[in-house]
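The next block holds one structure in the form of structure tokens; read it before the comments.
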Amino acid sequence: MIPSRLVRTRRAVIAGLLLAFTAAPLAARAADEPVVVFAAASLKNALDEAAAAWAKETGGTTRISYAGSNALAKQIEAGAPADLFISADLAWMDYAETNGTIRADSRVNLLRNAIVLVAAKGSGLRVTLEPGTDLSAPLAGGRLALGNVEAVPAGKYGRAALEKLGAWDRVKGQLAQTENVRAALLLVSRGEAPLGIVYATDAASDPGVEVVATFPADSHPPIVYPAALTKDSVRADRAGSFLSFLRSPAARPLFERQGFVVVGAEKRS
């Protein structure tokens, strides 16, 4: 008979080998899988281009999920398997950092933007955004489309600007609040809302709308897009590579063509 201690030893060795053989394919699969990016909806056009450029340069692939920054931060908190988070405001990245779902040492400010008032193309509307502005007349009984003012960054910026200009009380009962800024843009583009508040980059992406006014920069908090790797990323090396590419000179024109300002490039010619 084989001594029981020898049997136990053999079983332990076999179990270890099985674990090694199963772990290796899992690690290899993780290395081959796309980098999963959770990004603010307003980034879609520019980030799609950047991802294609990175793929061409490195062979790496991405899978990008676009939504409101609030929804993405909550999904990551709930365990969604993201590798990189790009928010449209500092507050939701702060939220992710506070609850420990991002790698704080990887956090960087990536882009800046502006908010504008848009109408359907050919509307002929012109609005002056100044203290005392009343949007009731151009709305003509319709709704003002914007992201949810309690959660979606573009909606929060819009509310702050309207409050600063003294226009909030007149329009707060005429809002069409959406789950992200691109949904607000679509309402205006389709003619379902006469006016909307979106990012300047969103307005540039949709030929169905026109900018009727730009909100003064001092009427709302600075619009900053931070990015960070997630704490539980299993593709951190490649996610870090993609983030480095987004900050590189090669990606700068891709963002600027869509109307973003690249952080760190503001003073460069």
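- Remark: side-chain polar atoms of K164 are paired, donor with acceptor, to backbone N or O of D218 under 3.5 angstrom.
- No donor-acceptor pair under 3.5 Å is formed between the side chain of E210 and the backbone N or O of V118.
- For the 3.5 Å distance criterion, the side chains of T101 and N99 qualify, holding a donor opposite an acceptor.
- Side-chain contact check for R63 versus V35: every heavy-atom pair is 4.5 Å or farther apart.
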Review point. Would V188 and L195 satisfy side-chain contact (heavy atoms from CB on, under 4.5 Å), going step by step from the backbone distance to the final call?
Key: CA-CA 6 Å; V188 179; L195 291 173; 5.9 Å; no
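- Hydrophobic clustering (side-chain heavy atoms under 4.5 Å, transitive across Ile, Leu, Val, Met, Phe, Trp, Tyr) groups V149 together with I115.
- Counting only distance, with no hydrogens or angles, the side chain of R143 and the backbone of A193 share no donor-acceptor pair below 3.5 Å.
- A salt bridge links R257 with E49; the closest basic N to acidic carboxylate O contact falls under 4.0 Å.
- Cluster membership for L146 and L165, using ILVMFWY side-chain heavy atoms within less than 4.5 angstrom, is shared.
- Linking Ile, Leu, Val, Met, Phe, Trp and Tyr whenever their side-chain heavy atoms come within less than 4.5 Å puts V127 and V209 in one cluster.
- Atom CZ of R103 is surrounded by more than 12 heavy atoms from other residues, nucleotides or ligands within 6.0 Å.
- With respect to the salt-bridge test (charged N to carboxylate O, under 4.0 angstrom), the residues E97 and R107 qualify.
- A228 and I102 get closest at one heavy-atom pair: CB-CD1, 3.8 Å.
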Exercise for review: Would you sort out whether V262 and L111 count as a side-chain contact (heavy atoms from CB on, under 4.5 Å), showing the intermediate values?
Suggested key: CA-CA 5 Å; V262 177; L111 303 164; 4.1 Å; yes
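- By the salt bridge (charged side-chain N to carboxylate O under 4.0 Å, His left out) test, K44 is found to be paired with D48, residues two or more places apart in sequence or in another chain being considered.
- Taking the side chain as every heavy atom from C-beta outward, S69 and Y95 never approach each other to under 4.5 Å.
- Linking Ile, Leu, Val, Met, Phe, Trp and Tyr whenever their side-chain heavy atoms come within less than 4.5 Å leaves L90 and L72 in two separate clusters.
- Annotation: side chain of V108 is in contact with side chain of L243 (closest heavy-atom distance under 4.5 Å).
- In this structure a side-chain-to-backbone donor-acceptor pair under 3.5 Å is present from W92 to A151.
- Contact check for V224 versus D89: no side-chain heavy atoms found under the 4.5 Å cut-off.
- Y66 and S42 form no side-chain donor-acceptor contact under 3.5 Å, judged by distance and modelled atom types alone.
- Rounding to the nearest 0.5 Å places CG of L144 at 4.5 Å from CD1 of I197.
- Formation of a donor-acceptor pair under 3.5 Å by the R238 side chain with backbone atoms of E33 is found in this model.
- Between A88 and A40 the shortest heavy-atom distance is CB-CB, 3.6 Å.
- Between L187 and A176, the shortest heavy-atom distance links the atoms CD1-CB, 4.1 Å.
- Across all their heavy atoms, L246 and F255 have their closest contact at O-CE1, 3.6 Å.
- In terms of heavy atoms, P249 sits closest to P253 at O-CD, 3.2 Å.
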**Study point:** Candidate pair V211 and L117, rule side-chain contact (heavy atoms from CB on, under 4.5 Å), full reasoning
**Key:** CA-CA 6 Å; V211 175; L117 189 68; over 6 Å; no
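- Listed by chain and number, the residues in a side chain to side chain contact (heavy atoms under 4.5 Å, CB included) with A51 are T62, I64, F242 (sequence neighbours excluded).
- For the atom pair OG of S106 and CG of L84, the computed distance is 8.0 Å after rounding to the nearest 0.5 Å.
- Sequence neighbours left out, the pairs with a member in residues 174-184 that pass salt bridge (Lys or Arg N to Asp or Glu O under 4.0 Å) are R182-D202.
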Check your understanding: Can I76 and F85 be said to form a side-chain contact (heavy atoms from CB on, under 4.5 Å), step by step?
Key -> CA-CA 9 Å; I76 294 170; F85 175 39; 3.7 Å; yes
Review point. side-chain hydrogen bond (donor to acceptor under 3.5 Å, both in side chains) between S189 and D206: does it pass, once the steps are laid out?
Key: CA-CA 8 Å; S189 182; D206 191 332; 3.2 Å; yes
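- For an aromatic pair to be called close, the ring centres must be under 6.0 Å apart, and Y157 with F215 fails this.
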Point to revise | Residues Y225, N109; criterion side-chain hydrogen bond (donor to acceptor under 3.5 Å, both in side chains); working and verdict | key: CA-CA 6 Å; Y225 288 64; N109 290 338; over 6 Å; no
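- The distance from the CD atom of Q75 to the OG atom of S65 is 6.0 Å, given to the nearest 0.5 Å.
- For T58 (side chain) and W54 (main-chain N/O), a donor-acceptor pair under 3.5 Å exists by modelled atom type.
- Here the side chain of S233 pairs no donor or acceptor atom with the backbone of L229 at under 3.5 angstrom.
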**Study point:** Derivation and outcome, side-chain hydrogen bond (donor to acceptor under 3.5 Å, both in side chains), residues D134 and S136
**Key:** CA-CA 6 Å; D134 184 359; S136 300; 2.8 Å; yes
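- The nearest pair of heavy atoms linking A50 to L254 is CA-CD1, 3.6 Å.
- Expressed to the nearest 0.5 Å, how far CZ of R170 lies from CG of L135 amounts to 9.0 Å.
- No side-chain donor from either of T230 and D83 sits under 3.5 Å from a side-chain acceptor of the other.
- Cluster annotation: V116 and L175 are assigned to the same hydrophobic cluster (Ile/Leu/Val/Met/Phe/Trp/Tyr, side-chain heavy-atom contacts under 4.5 Å, transitive).
- Under the 4.5 Å side-chain criterion, counting only non-hydrogen atoms from C-beta, L110 is not in contact with V263.
- A salt bridge is defined here as a Lys NZ or Arg NE, NH1 or NH2 lying under 4.0 Å from an Asp or Glu carboxylate O, and E150 with R159 meets this definition.
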Exercise for review: Please report the C-alpha distance between S205 and Q258 in whole Å, then the side-chain angles of each, then the deciding distance to 0.1 Å, and finally whether the side-chain hydrogen bond (donor to acceptor under 3.5 Å, both in side chains) criterion is met.
Suggested key: CA-CA 7 Å; S205 75; Q258 298 295 332; 6.0 Å; no
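- T133 places a side-chain N or O within donor-acceptor distance of the main-chain N or O of E130, the cut-off being under 3.5 Å.
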